[in-house]
Number of protein chains: 2
Amino acid sequence: MKEDTFSMKINEYLPLRDIVFQTLRKAILTGELEPGERLMEIQLGEKLGVSRTPIREAIRKLELEGLVVMVPRKGAQVAHFTEKDIQDVLEVRAALEALAAKIACKRMDDRSFLKLQLAITEYDYAAKEKDIETMIEKDVEFHETIFNATQNDKLIQLFNNLREQVHRYRIAYLKNAGESELVHKEHMALLEALQERDEKLAEEIAAKHIQTQCVSIMRFIKNKTQRISEESKQRRFF
Amino acid sequence: MKEDTFSMKINEYLPLRDIVFQTLRKAILTGELEPGERLMEIQLGEKLGVSRTPIREAIRKLELEGLVVMVPRKGAQVAHFTEKDIQDVLEVRAALEALAAKIACKRMDDRSFLKLQLAITEYDYAAKEKDIETMIEKDVEFHETIFNATQNDKLIQLFNNLREQVHRYRIAYLKNAGESELVHKEHMALLEALQERDEKLAEEIAAKHIQTQCVSIMRFIKNKTQRISEESKQRRFF
DNA sequence: AAGATATTTTGTGTATACACTAAATGCATT
DNA sequence: AATGCATTTAGTGTATACACAAAATATCTT
């Protein structure tokens with residue numbers, strides 16, 4: 001289903017601005033472009049082989065998404081994320097995941113349940129191989145399946161906005177085997193609740209799941225900042 | 001507080017693109033620009049006295065917000081909102097309002113409570129005068145105060161995105177005196193719950209309040225479509 | 001007159017040019 | 001050497017120019 005839309009799109013015409021948007025977005029979320037880094041239009045244009053116009057239009061979208069901040073007459077720079085920003089995002093996401101789980105309870109069908117099961121299984125395989133990127137991918141797939149099942153387009157849109165905002169932290173904390181075990185267990189529990197059509201329980205597990213993630217990420221950051229301060233490095237924790 | 005930031009901003013430099021963005025956004029939300037209407041860059045540029053560049057950049061933001069849709073090589077047009085879209089938006093908003101109420105329970109201070117009280121009172125005055133625009137304004141102010149109290153910037157950002165999406169319907173259904181009475185009662189109930197720091201109750205009332213609004217708007221639309229079909233007009237219900 | 005094929009028009013998508021600001025650099029003065 | 005001022009430079013903000021596609025119109029053929 002996702003593949004369909006995608007393979008259709010590659011045949012369709014895609015404006016440069018959208019390609020640039022996706023490229024920059026990914027670069028920011030993976031940390032390739034670091035927070036605070038300036039996005040200079042001419043330089044980026046040369047790198048990507050396009051003029052300033054598509055670059056600027058892509059930046060406008062990133063600005064609205066909050067991934068870049070504009071300094072008047074100084075242009076764009078990658079937004080800094082503080083610890084609080086991460087907590088804020090995850091607090092909202094927890095509420096949206098709970099809502100999604102509640103609605104999904106009513107609307108999920110066998111096909112969706114199998115998708116969830118598949119995502120969990122593939123996650124496990126990836127975990128055995130310690131293939132972090134695939135693990136994240138399958139984790140996203142799991143949550144995406146639930147959101148898609150809600151058939152609430154606005155909810156899906158907001159999820160797409162929030163889902164990868166903590167990408168770079170998840171890479172780090174999922175390396176911890178214990179964390180990835182926990183993710184598995186919570187996914188299984190949520191799947192069961194959904195199959196039982198137990199709205200209250202599903203809501204609760206979904207919210208708890210994100211809170212767990214938040215706690216893990218915070219612990220990871222705390223460790224990292226500590227290590228960094230021990231090494232007396234002055235830069236921020238990312 | 002809101003005024004401070006604003007009066008600061010008017011002294012600051014504001015790029016044309018942002019002025020255009022706000023102008024177009026308002027025009028769409030109030031219905032001045034009708035759904036389906038094409039946004040032609042040159043035409044808009046002449047109207048607003050600017051070139052295509054700021055127009056295009058404003059459109060990129062509206063695109064991400066979902067207020068306009070892009071047709072490849074045909075440009076932008078104001079997005080159509082179906083009945084389902086409204087329900088989707090309000091379903092999400094209900095969840096966010098509930099979250100905001102819960103957090104606000106912990107963080108609201110006397111100053112914020114007075115703001116809520118003031119918003120309610122001014123709403124009542126406006127209701128007596130049947131000044132719909134002011135009523136909407138004060139209603140927004142009430143909810144805004146709660147969201148601001150959460151101190152969760154992401155939550156506030158999303159609220160700003162969702163809050164006015166149903167603007168044109170509220171104008172219509174608030175004309176109904178019964179509805180505006182109900183709004184008053186629910187606001188009072190929510191204020192009390194917040195003052196009691198009763199998280200569960202506040203959450204519940206906040207969500208219910210939006211659901212009430214959703215039902216009212218749906219009823220209004222149903223009536224309107226019915227009237228229109230009786231008049232055998234073919235256009236959509238907005 | 002109907003249909004097929006040029007032709008024109010309109011409007012987007014992208015690139016480039018111009019205007020202006022702010023920071024950086026250099027130079028002179030003390 | 002430090003400070004103040006002029007000059008340059010780098011980069012954004014805005015306008016315009018060019019390229020191209022799609023739709024609309026006109027023209028030709030039968």
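Chain letters run A, B, ... following the sequence lines, proteins first, then strands; residues in each count from 1. Note: hydrogens, waters and symmetry copies are ignored here, and every other heavy atom, side chains too, is used.
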Self-check item: Residues forming a salt bridge (Lys or Arg N to Asp or Glu O under 4.0 Å) with Glu41(B), sequence neighbours excluded
Solution: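 Residues passing salt bridge (Lys or Arg N to Asp or Glu O under 4.0 Å) with Glu41(B): Arg52(B), Arg56(B).
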Separation of atom [atom1] in [X] from atom [atom2] in [N], rounded to whole Å:
X: Lys74(B); N: dG13(C); atom1: NZ; atom2: P; answer: 12 Å
X: Arg38(B); N: dG11(C); atom1: CZ; atom2: P; answer: 7 Å
X: Glu41(A); N: dC18(C); atom1: CD; atom2: P; answer: 18 Å
X: Asp18(B); N: dT12(D); atom1: CG; atom2: P; answer: 16 Å
X: Ile42(B); N: dA15(D); atom1: CD1; atom2: C1'; answer: 13 Å
X: Met40(A); N: dA10(D); atom1: CE; atom2: C1'; answer: 9 Å
X: Leu14(B); N: dT14(D); atom1: CG; atom2: C1'; answer: 15 Å
X: Gln77(A); N: dA23(C); atom1: CD; atom2: P; answer: 13 Å

Quiz item: Which residues, if any, of residues 53-60 of chain B bring a heavy atom under 4.0 Å of DNA chain D?
Solution: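 Thr53(B), Pro54(B) - these, ordered by number, are the residues of the stretch whose heavy atoms sit under 4.0 Å from the strand.
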Quiz item: With sugar-phosphate meaning primed atoms plus P, OP1 and OP2, does Leu16(B) contact a base, only sugar-phosphate, or nothing at under 4.0 Å between heavy atoms?
Solution: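 Sugar-phosphate: the residue Leu16(B), judged by heavy atoms under 4.0 Å, touches backbone atoms but no base.
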Quiz item: Contact class for Gln43(B) vs. all strands (heavy atom < 4.0 Å): base, sugar-phosphate, or nothing?
Solution: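 Since no nucleic acid heavy atom lies under 4.0 Å of Gln43(B), the category is nothing.
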Quiz item: Quick one: ring-ring contact (aromatic ring centres under 6.0 Å, His included) partners of Tyr123(B), sequence neighbours excluded?
Solution: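 Partners of Tyr123(B) under the ring-ring contact (aromatic ring centres under 6.0 Å, His included) test: none.
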Practice problem: Please list, chain by chain and in numerical order, all residues satisfying ring-ring contact (aromatic ring centres under 6.0 Å, His included) with Phe220(B), sequence neighbours excluded. | Solution: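 Expected list: none.
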Self-check item: Chi angles and distances behind the side-chain hydrogen bond (donor to acceptor under 3.5 Å, both in side chains) call for Asn148(B), Thr145(B)
Solution: CA-CA 5 Å; Asn148(B) 285 338; Thr145(B) 303; 5.9 Å; no
Please list each protein N or O that sits under 3.5 Å from an N or O in nucleotides 6-9 of chain D, with the distance.
none

Can you list, pair by pair, the side-chain donor-acceptor contacts under 3.5 Å of residues 90-100 of chain B, counting residues two or more places apart and other chains?
residue, atom, partner, partner atom, Å
Glu91(B), OE1, Asn152(A), ND2, 2.9
Arg93(B), NE, Glu97(B), OE2, 3.1
Arg93(B), NH2, Glu97(B), OE2, 2.8
Glu97(B), OE1, His143(B), ND1, 3.0
Glu97(B), OE2, His143(B), ND1, 3.3

Quiz item: Glu32(B) pairs by side-chain contact (heavy atoms from CB on, under 4.5 Å) with which of Leu29(B), Ile28(B), Thr30(B)?
Solution: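 Among the candidates, only Thr30(B) passes.
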Quiz prompt | Axis-to-axis angle between the two ends of the helix from dA1(C)-dT30(D) to dT30(C)-dA1(D) (five base pairs per end, rounded to 10 degrees) | solution =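 Computed from the C1' atoms at both ends, the axes differ by 30°.
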Quiz item: What pairs with Asn160(A) under side chain to side chain contact (heavy atoms under 4.5 Å, CB included), at least two apart in sequence or on another chain?
Solution: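 In terms of side chain to side chain contact (heavy atoms under 4.5 Å, CB included), with neighbours along the sequence ignored, Asn160(A) is linked to Glu144(A), Ile156(A), Arg163(A).
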Self-check item: Residues that Glu122(A) engages under side chain to side chain contact (heavy atoms under 4.5 Å, CB included), provided they are two or more places apart
Solution: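 Checked Glu122(A) against side chain to side chain contact (heavy atoms under 4.5 Å, CB included); matches are Leu118(A), Lys138(A), Glu141(A).
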Exercise. Assign each of Leu39(B) and Ser51(A) to its nearest nucleotide of DNA chain C by heavy atoms, then name whichever residue's nucleotide is nearer the 5' end.
Key: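 Mapping each residue to its closest nucleotide by heavy atoms, the 5'-most match is Leu39(B).
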Self-check item: Lys106(B): partners by side-chain hydrogen bond (donor to acceptor under 3.5 Å, both in side chains), with sequence neighbours left out
Solution: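 For Lys106(B) there are no side-chain hydrogen bond (donor to acceptor under 3.5 Å, both in side chains) partners, ignoring immediate neighbours.
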Quiz item: Can you name the residues that form a side-chain hydrogen bond (donor to acceptor under 3.5 Å, both in side chains) with Asp131(B), not counting sequence neighbours?
Solution: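 With sequence neighbours excluded, Asp131(B) shows a side-chain hydrogen bond (donor to acceptor under 3.5 Å, both in side chains) to Thr134(B), given in chain and number order.
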Report, one line per pair, each donor and acceptor closer than 3.5 Å where one atom sits in a side chain of residues 60-73 of chain A; sequence neighbours left out.
residue, atom, partner, partner atom, Å
Arg60(A), NE, Glu63(A), OE1, 3.0
Arg60(A), NH1, Glu57(B), OE1, 2.8
Lys61(A), NZ, Asp18(A), OD1, 3.1
Lys61(A), NZ, Glu63(B), OE2, 3.3
Glu63(A), OE2, Lys61(B), NZ, 3.3
Glu65(A), OE1, Arg25(A), NE, 3.0
Glu65(A), OE2, Arg25(A), NE, 3.0
Glu65(A), OE2, Arg25(A), NH2, 2.9
Glu65(A), OE2, Asn161(A), ND2, 3.3

Quiz item: Taking only side-chain nitrogens and oxygens of Arg73(A), does any of them come within less than 4.0 Å of OP1 or OP2 of dC20(C)?
Solution: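 No, because none of the side-chain N or O atoms of Arg73(A) sits under 4.0 Å from OP1 or OP2 of dC20(C).
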Quiz item: Do the rings of Phe159(A) and Phe147(A) sit parallel, tilted or perpendicular, given the 30° and 60° boundaries?
Solution: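 Taking Phe147(A) first and then Phe159(A), their aromatic rings lie parallel (interplane angle under 30°).
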Self-check item: No-H, no-angle donor-acceptor pair, Arg52(A) side chain to dG13(D) base, under 3.5 Å
Solution: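 By the distance-only test, yes, there is a pair.
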